[in-house]
Amino acid sequence: MGVLFDGRYDEDGEGTISGSITVTVPANGTVIQGVSTGSSEMTYATPITLAKADLEAAFFPVETPLGAVNVRLQKLRNLN
């Protein structure tokens, strides 16, 4: 099994999205920044804030506790 991503977000009236991405890396896994999890699973969350223009880009930068990455988000479900 690979790295799992989940998250939540809220949209303000002007199109800015704020939320967080939760990342779960399985035991004995390695993330793109080169960090290995060892014998234990690793989970961390990182905040995101996106302007409306960011949503039109194919990828955008996110600073995580493990270092910067370029990500692409895809909506999987509606807000509850």
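If you're wondering where the values come from, they're calculated on a predicted model, not measured in any experiment. Just so you know, these numbers use all the heavy atoms, side chains as well, and skip hydrogens, waters and symmetry mates.
Interatomic distance, Thr37 OG1 to Asn28 CG, rounded to the nearest 0.5 Å: 5.5 Å. The CG atom of Leu50 sits 4.5 Å away from the CD1 atom of Ile48 when rounded to the nearest 0.5 Å.
Here the shortest heavy-atom pairing between Ser18 and Arg8 reads O-NH1, 4.3 Å. Between Gln33 and Gly67, the closest heavy-atom pair is NE2-O, 3.3 Å. Closest of all the heavy-atom pairs between Ala27 and Ser39 is CB-O, 3.5 Å. The nearest pair of heavy atoms linking Gly2 to Pro26 is O-CD, 3.7 Å.
Taking 4.5 Å as the limit, some side-chain heavy atom of Leu66 sits within range of a side-chain heavy atom of Tyr44. With a 4.5 Å cut-off on side-chain heavy atoms, Phe5 and Thr22 do not count as touching. Counting heavy atoms from C-beta on, the side chains of Met42 and Thr24 never come closer than 4.5 Å.
Cluster annotation: Phe59 is not connected to Ile17 through the hydrophobic network of ILVMFWY side chains, with a link wherever side-chain heavy atoms come within less than 4.5 Å.
A search for side-chain contact (heavy atoms from CB on, under 4.5 Å) contacts involving Ser36 returns Thr30, not counting sequence neighbours. Take Thr46 and apply the side-chain contact (heavy atoms from CB on, under 4.5 Å) test, not counting sequence neighbours, and it matches Ile21, Val62, Thr64, Pro65.
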Under the criterion side-chain contact (heavy atoms from CB on, under 4.5 Å), I'd like the reasoning laid out for Val3 against Val23: C-alpha separation, chi angles, the key distance, then a yes or no. CA-CA 7 Å; Val3 178; Val23 181; 3.6 Å; yes
